[in-house]
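Each ligand, and each atom within it, is numbered from 1 in the order the structure gives. Both backbone and side-chain heavy atoms feed into the values below; hydrogens, waters and symmetry mates do not.
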Amino acid sequence: MAAQLPIPIYSSLEDAFGGLRTASGQSVRWANLAQEFKSRFGREPAYIARAPGRVNLIGDHIDYVLFGVLPAAVEHDILIACGPSMSPVSSNSGSVAAHNLDPRYVPQTFAPMLKSAPLPTASEERDAENTVHAESWHMDIDTKELRWESYVKAGYYGVLNHFFPAAAGSTTTGPHPVPVDLLVTGCVPAGSGLSSSAAMVVASTLAFLAVNNKVVGLTKGELVEMAMENEKRVGVNSGGMDQAASVICTPDTALYITFFPSLSAQPTPLPTSRTVPRAVFVCANSLVVSDKVVGAKTRYNLRVVETLVGARVLAHHIGVVLAPTERPTLREVLGRWLGFYEAKNVPSDLDTDMLREGVQKILPYVEKLRPTRDDGELGVTMEEMIEWSGMPEAEFRQVYLSWVDVEATHFQLYKRTKHVFEEALRVLRFRDVCFSSEAAILPRDTLIDLGALMNESHQSSIELCENSCPEVDELVRLAREAGAFGSRVTGAGWGGCTVSLVAEDMVDEFIRSMKSTYPPYKYLGDDELREVIFATKPSSGAFVLKL
Ligand code: NG1
Ligand code: MG
């Protein structure tokens with residue numbers, strides 16, 4: 001199972017990238033980073049941690065309700081050169097000097113502190129009984145303002161609290177984290193839906209693990225869990241797609257990532273390498289920032305709440321009894337409805353036939369969530385939502401609203417729930433087509449089928465998830481006109497990138513056509529254009545290079 005594999009540690013780029021050709025294309029960038037580290041910190045780095053961004057082919061806004069998704073890692077990645085600090089000023093336990101090659105991001109130094117106040121972790125917030133009272137490590141992370149070093153700090157959290165609990169229990173005993181120097185460089189465009197944030201958090205987690213000698217013995221799945229917890233420190237209640245993709249992806253394949261009942265991942269063949277015409281996925285940046293700081297975070301977290309409340313109301317309609325303090329996801333409610341109460345009896349979502357039947361069976365009940373008022377297009381009001389939940393108001397607010405910042409007057413329980421189940425089915429269909437295309441029967445039809453699923457997915461983004469925007473819709477339309485088999489928004493949305501399925505021999509023409517038709521591309525030079533629209537080749541997941 002891919003998630004159970006150890007985290008790769010390589011001693012050469014040739015090994016890491018599986019061949020001299022890919023490595024030589026990369027080696028200048030890696031050597032420059034190591035050289036610059038040396039000139040800033042006075043010695044060679046001990047490691048370079050690398051984590052890629054990802055493009056989600058299909059399955060958006062369903063990972064946080066624990067349905068499976070289908071991303072692939074992209075070649076764009078974050079690199080962090082790192083090593084134990086030799087500087088006398090950083091002799092504080094675990095202090096960090098964090099530099100970035102991009103001059104816009106100024107160097108930072110910080111040290112974690114020990115705090116004895118109970119510090120619930122993100123998962124413990126879901127389970128208040130488990131609050132930790134021992135001393136734990138703490139760092140100030142500004143969740144209101146986006147700061148580059150916040151992602152570095154977030155990556156450090158899990159490493160400190162998982163591996164140095166003895167130090168946290170006492171300031172004098174137990175091994176302490178070593179002081180670290182690090183230098184970051186990245187080419188995953190920020191705010192583009194290609195998951196630069198997860199790449200940063202994974203690379204940072206991995207860098208701190210490496211310097212503290214904790215990579216050996218850790219599985220990819222464990223790194224994903226740690227990176228997921230860590231990323232929540234930055235303030236988005238995201239699912240685990242981005243971190244899992246960044247860690248577990250393999251070259252030339254997509255990854256079917258499932259979260260229920262626990263994380264699993266299955267490499268999924270793409271028709272790109274096996275069929276004629278060969279197809280590639282082209283990412284095109286709308287150049288509208290997929291805003292995570294103010295707007296999108298609220299919009300994103302709002303969808304998390306809407307789907308959770310949708311799950312409770314649906315449970316009520318289908319006769320699944322929930323305890324008042326529970327907050328199960330739609331996938332968990334489906335699981336209980338199908339008769340699996342005990343984690344040990346739950347079949348994994350890798351059993352796709354069982355999952356497909358379950359989703360098809362529950363979909364008609366989603367109609368019960370339709371607003372009944374004439375102005376129902378707006379969704380339900382707070383009062384209606386509380387009434388539908390069957391819970392006393394104070395209890396409802398405690399369970400569904402107290403842990404997250406959500407400002408809204410109306411809530412779209414019906415649209416979001418319908419999006420989730422239908423998108424989950426599209427992921428399964430896409431995966432089925434990919435596996436059946438291994439036999440390469442009617443390859444062109446294969447691409448037409450995949451494209452149609454992508455188009456349906458985008459329509460659902462427009463109508464049900466409501467996470468698109470006019471510029472993205474325009475890009476999607478132009479992509480289809482330029483010959484894409486299908487095109488959709490990828491990632492959180494409200495801007496960012498689209499992903500389009502294009503025949504390989506059409507890619508140059510496709511990009512030329514997009515340049516001449518999408519207004520923001522018209523005046524870009526060749527280099528700038530390459531940054532905003534590019535064909536992706538599924539890349540390998542995160543690893544450590546030991547120097
Ligand atoms: P982006 O914004 O593309 O990195 C976000 C979430 C994912 C997933 C997608 C929507 C974060 C870190 N990631 O991805 O978990 O929910 O939106 O499918 O917020
Ligand atoms: Mg992100």
Passes side-chain hydrogen bond (donor to acceptor under 3.5 Å, both in side chains), Glu332 versus Thr329? Steps please. CA-CA 5 Å; Glu332 288 162 328; Thr329 61; 3.1 Å; yes
Counting from 1, what ligand 1 atoms have a heavy atom of Met241 closer than 4.0 Å? 8 (C), 9 (C), 18 (O)
At less than 4.0 angstrom from any non-hydrogen atom of Asp60, what atoms of ligand 1 do you find? 10 (C), 18 (O)
Check: Phe421 ring centre within less than 6.0 Å of Phe67 ring centre: yes
Mind checking side chain to side chain donor-acceptor pair (under 3.5 Å) for Arg480 and listing every partner two or more places apart, or none if nothing turns up? Asn455
Under 6.0 Å between the ring centres of Phe17 and Phe543? yes
So is Ala492 polar-close to ligand 1, meaning N/O to N/O under 3.5 Å? yes
So that I know where these two stand, are Phe208 and Phe163 an aromatic pair - ring centroids less than 6.0 Å apart? no
Counting heavy atoms only, which of Tyr300, Trp494, Tyr64 comes nearest to atom 17 (O) of ligand 1? Tyr300
One pair to check against side-chain hydrogen bond (donor to acceptor under 3.5 Å, both in side chains): Thr298 and Glu407. What are the steps and the verdict? CA-CA 7 Å; Thr298 314; Glu407 286 169 35; over 6 Å; no
If hydrogens are left out, which of Asp242, Val55, Asn301 has an atom nearest to atom 14 (O) of ligand 1, that is, the closest non-hydrogen atom? Asp242
Which part of Lys232 is near ligand 1, with near meaning a heavy atom under 4.0 Å away: side chain, backbone, both or neither? neither
If we only count N/O pairs under 3.5 Å, is Gln243 in contact with ligand 1? no
Gly193 heavy atoms within 4.0 Å reach ligand 1 at atoms 3 (O)
Under 3.5 Å, which donor-acceptor pairs link side chains of residues 355-363 to any protein atom two or more places apart or in another chain?
residue	atom	partner	partner atom	Å
Arg356	NH1	Asp353	OD1	3.0
Arg356	NH2	Asp432	OD1	3.3
Arg356	NH2	Asp432	OD2	2.4

Short N/O distance, under 3.5 Å, between His61 and ligand 1? yes
Paired with Glu423, the salt bridge (Lys or Arg N to Asp or Glu O under 4.0 Å) test is passed by just one of Lys418, Arg488, Lys415, Arg416, namely Arg488
Counting from 1 in the order shown, the ligand 1 atoms closer than 4.0 Å to a non-hydrogen atom of Gly239 are 15 (O)
If you measure every N or O of Asp63 against every N or O of ligand 1, does any of those distances drop under 3.5 Å? yes
Which atoms of ligand 1 sit under 4.0 Å from any heavy atom of Glu231? 12 (C)
